[in-house]
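In this text, all values refer to a predicted model and were calculated from it rather than measured experimentally.
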Amino acid sequence: MKSQDIRKAYLQFFESKGHLIVPSAPIVLKDDPTLMFNNSGMAQFKEYFLGNATPKSNRITDTQKCLRVSGKHNDLEDVGFDTYHHTMFEMLGNWSFGDYFKKEALPWAWEFLTDVLKLDKDRLYVSVFEGNEAENVPFDQDAFDIWKQFVPEDRIILGNKKDNFWEMGDQGPCGPCSEIHIDLRTDEERAAVSGFSLVNADHPQVVEIWNNVFMEFNRKADGSLEKLPAQHVDTGMGFERLCMAMQDVTSNYDTDVFTPLITKVEQITGLKYTSNEIKNVSEEQNKTNIAIRVIVDHVRAVAFAIADGQLPSNTGAGYVIRRILRRAIRYGFTFLDTKEPFIFELVAVLADQMGEFFPEIKKQQTLVTNVIREEEASFLRTIENGLSKIYYHIGLIQSLSEEGAHPEKLISGKLAFELYDTYGFPLDLTELIARENELSVDIEGFDKAMQEQKSRSRAASEVSTDDWKILVEGNTETFVGYDQVENEVKITRIRKVDSKKDGVLYQIVLDATPFYPEGGGQVGDKGTLFSANETIEIIDTKKENNLILHFTKKLPENVNANFIAKVNTDLRGLSAKNHSATHLMHLALRTILGTHVEQKGSLVNPNNLRFDFSHFSKVTEDELQQVEGFVNERIQEQLPLIERRNIPIQQALDEGAMALFGEKYGDNVRAIKFGNSMELCGGIHVNNTADIWNFKIVSEGAVAAGIRRIEAITSDAVKQFYASQETLLSDIKATLKNPQDVLKSVLSLQEENAKIKKEMEQLLKDKIDGLKNNLVSEFKEVNGINFLAKQVNLSMGATKDLAMAIGSSKPNSFVFLASIEDNAPNIHCYISKELVSEKSLNAGNIIRELGKLIDGNGGGQPFFASGKGKNVAGIAGALDKVIEYVQ
């Protein structure tokens, strides 16, 4: 049964049981500050489990893209080494929100696996929670009794808290779970060792395929459990593992989820992957297999993250995506000998394979391909820099060892970690290079440096959150900020949050708040909360699990009082102008550059706006002026805001509204229209484009391959911009002694500067020619080699030119020149090509060795190389030592 058919069968089965099929949420979470990525099927439904929102149906089924690479659920380092862990995976799910419970969920699971999919019942084991006396949670007798109807008792396993009590995190909804495991070993292996003993023992062929979580409790901050007001079912089934069971293989990578990608890697590299059925492969083949598994797994995670709007970067979720991709690149570099970008070629295979169920990968195929290709090229350059660094240190260790000063011949753990952290070198690559040079690596030092970094990272991000203190029971909190900037409110709940980054803060929830929470690129509102007796400053507003959180540095003395919530309208007004201008600019870009332009990121605050969009070349000055003019024309047209609230999403799309990839929309949406600009948006906007006053682009540049970024300003910021430009022009005029025509004066200066530069270049050429003629006479013959070593008074570039000129003037020449520029020494070595071949001399190796004497490094080709350092005093030693290479 093909993977596409398995996925369809699951969804159709639960649709027949009254479940509503919903699409996968984006893999990247933009509206949940507690998670970077969807790491489980239930993540998009958290607000329903917490009782903060009402689902569109009490029964839902889906297949959810998940990513587990950080935090509690981190499988990254396992990926590739075994056959069943993945970064991105699909979680098939069926959900009950206060509707059915164990007596329906467990029989349905058994029915689907054994009646629909026809899995061998004798290979299935089930587990139930054994109970936990310390937490006063009893043995799950109900689940046990249900399973006895289908499974012999000797295949029902009693699981402990670790294996059979599922928790969303340190706090929040949780409950006992009942898992289904399958034993995929051969009949002989099963007869020898019971599968019962291998469940939850990390055996690659005895794996969990289904988990029914019965959400009954809420884990509080103090670790205690309280009963939830309703009971829920949270089911997760590993799609890849189910495909393994259905396709009669013993590795996820041998299923058709991965084989098309593996075949493509084989075609590109010329290497072969061996399936899990082939035993006793060589160590070299095993390394190849691991590398290919890493690559085909990681490209899925990276491609879908980019398609959902997360570009690789150096911070946050973007850093995680970059790290995953770099892990794939370095495995290819080390074990598949791929020195050029190639992973991007797998995107087309992925799009063909998964585009039916996940149309975003088809829609964004060109963008994803270009971004991955550019990331690959960039990181391969970084790897080359890392190689230069490690070879420099190896040379230093070897030379010190020869002198008896470095007897242990050991690469330090600090250096190994720097290579890992900065250059992306896995430890095994550093060890491989070390072994090739008869060295070893300080593993303990590496582990220590790694642990120190993890501790720093944990400490920086550590947050402790108290339980909510509910002040108003059963209240549904609402947002009234589209119509009001001030409102009488009651506080419905409060809690304290303590973090190393921000210190102690308080989160306040209001019954009917006018404060806009951060979202859609727009920053959260600030303002005040005041009563008759006190005023509390609201420093930020965010949204979490459908609750609007107001951040304060202190709580009101009387939290039960009546308050007035008042938004800072100055700041909101400026943000609104920038937000509306962003919509107009989006339309302008699509009109002027083409409809391939799509929003890929946005930041709107009171000071400016930032807009990332898909486009594959630099936006020209003329195009930027057209965009600027287009937006300002719409401002001058005084277009009124046409706001459509709570309309069906399909109706909005049919009317021409733009939806953004990677955003999560409900069945009903809010559409914002200014003239021909119409977008789905929950943000704050001006009532009329005239309120924006003016629009000015201040910068344009690249963010990633195929992604450009424009930064712009509106309103008062434009006035300040022109005022500063006027001041700058006045300063320039004063510097030029107030000419009547400033531009003419500047052009005259440029012409004069070009003339002087040309004269200087001629003088330098004459100086080099003169030095060349003088130095050629200083060659001396050493073992049949024309040898010259000298320090000259020239720039680094001129010294390089001089070395090349002198060296090419005589056969069998060996030229070594040094100079000082900006108080930094530089060295250059030229060796005639006949000497390179006949005497095995290598300028690159010589520069790397002598570079140590000037506290620097360098490199190049065998016939010419250059280096730069920090220790000027070391030049004399380098000039003395270089003759040893020709003696």
Set of side chain to side chain donor-acceptor pair (under 3.5 Å) partners for Asp667, sequence neighbours left out =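 With sequence neighbours excluded, Asp667 shows a side chain to side chain donor-acceptor pair (under 3.5 Å) to Lys56, given in chain and number order.
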
Pair [X] + [Y]: basic N to acidic O under 4.0 Å:
X      : Y      : value
Asp467 : Arg219 : no
Asp540 : Lys542 : yes
Glu104 : Lys17  : no
Lys543 : Glu518 : no
Lys102 : Asp140 : yes
Asp222 : Lys220 : no

Scan side-chain atoms only and decide if [X] and [Y] contain a donor-acceptor pair under the 3.5 Å cut-off.
X      : Y      : answer
Asp256 : Ser3   : yes
Thr492 : Asp511 : no
Glu90  : Thr63  : yes
Asn546 : Tyr48  : no
Thr83  : Asn276 : no

May I have all residue pairs that pass ring pair (Phe, Tyr, Trp, His ring centres under 6.0 Å) and include part of residues 213-240, sequence neighbours excluded?
->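 Those involving residues 213-240 are Phe49-His232, Phe101-Phe214.
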
Supply the atom-to-atom distance [X] [atom1] to [Y] [atom2], rounded to the nearest 0.5 angstrom.
X      : Y      : atom1 : atom2 : result
Trp147 : Ser127 : CH2   : OG    : 9.0 Å
Ile491 : Lys469 : CD1   : NZ    : 10.5 Å
Asp234 : Met215 : CG    : CE    : 4.5 Å
His181 : Arg155 : NE2   : CZ    : 13.5 Å
Arg300 : Met88  : CZ    : CE    : 4.5 Å
Gln507 : Ile494 : CD    : CD1   : 11.0 Å

Taking [Y]'s backbone N and O only, do any of them form a donor-acceptor pair with [X]'s side chain (distance below 3.5 Å, no angle check)?
X      : Y      : value
Glu111 : Val116 : no
Glu544 : Leu549 : no
Asp466 : Ala221 : no
Arg644 : Val669 : no
Arg327 : His298 : no
Thr186 : Glu189 : yes
Arg123 : Asp183 : yes
Arg293 : Gly80  : yes
Thr114 : Lys121 : no

Hey, are the side chains of [X] and [Y] touching, using non-hydrogen atoms and a 4.5 Å cut-off?
X      : Y      : value
Asp352 : Lys362 : yes
Ile157 : Asp163 : no
Phe89  : Arg68  : yes
Tyr10  : Leu242 : no
Gln149 : Trp110 : no
Leu158 : Val128 : yes
Cys174 : Leu225 : yes
Leu106 : Asn212 : yes

Are more than 12 heavy atoms from other residues, nucleotides or ligands located less than 6.0 Å from atom [atom1] of [X]?
X      : atom1 : result
Tyr319 : OH    : no
Asp115 : CG    : yes
Lys148 : NZ    : yes
Lys162 : NZ    : no

Compute the ring centroids of Trp108 and Tyr100, then answer whether they are less than 6.0 Å apart.
->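 Yes.
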
Criterion side-chain contact (heavy atoms from CB on, under 4.5 Å) on Leu660 and Tyr665, from CA distance to verdict = CA-CA 9 Å; Leu660 305 179; Tyr665 297 106; 3.7 Å; yes

Give the intermediate values and the outcome of side-chain contact (heavy atoms from CB on, under 4.5 Å) for residues Thr541 and Ile548.
-> CA-CA 7 Å; Thr541 311; Ile548 296 176; 3.5 Å; yes

Identified side-chain contact (heavy atoms from CB on, under 4.5 Å) counterpart of Arg493 within the set Leu547, Leu510, Ile508, Leu471 =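 Among Leu547, Leu510, Ile508, Leu471, the one that satisfies the side-chain contact (heavy atoms from CB on, under 4.5 Å) with Arg493 is Leu547.
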
Can you name the salt bridge (Lys or Arg N to Asp or Glu O under 4.0 Å) partners of Arg241, sequence neighbours left out?
->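 Partners of Arg241 under the salt bridge (Lys or Arg N to Asp or Glu O under 4.0 Å) test: none.
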
Evaluate side-chain contact (heavy atoms from CB on, under 4.5 Å) for Glu240 paired with Tyr253, printing each intermediate quantity in order.
-> CA-CA 9 Å; Glu240 293 80 8; Tyr253 294 93; over 6 Å; no

Is there a side-chain contact (heavy atoms from CB on, under 4.5 Å) between Gln64 and Ser40 once you walk through the steps?
-> CA-CA 8 Å; Gln64 173 63 49; Ser40 65; over 6 Å; no

Partner of Glu356 by salt bridge (Lys or Arg N to Asp or Glu O under 4.0 Å), out of Lys8, Lys2, Arg7 =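 So the option named by the test is Lys8.
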
Return the orientation label for the Phe14 and Phe112 ring planes: parallel under 30°, perpendicular over 60°, tilted otherwise.
-> tilted

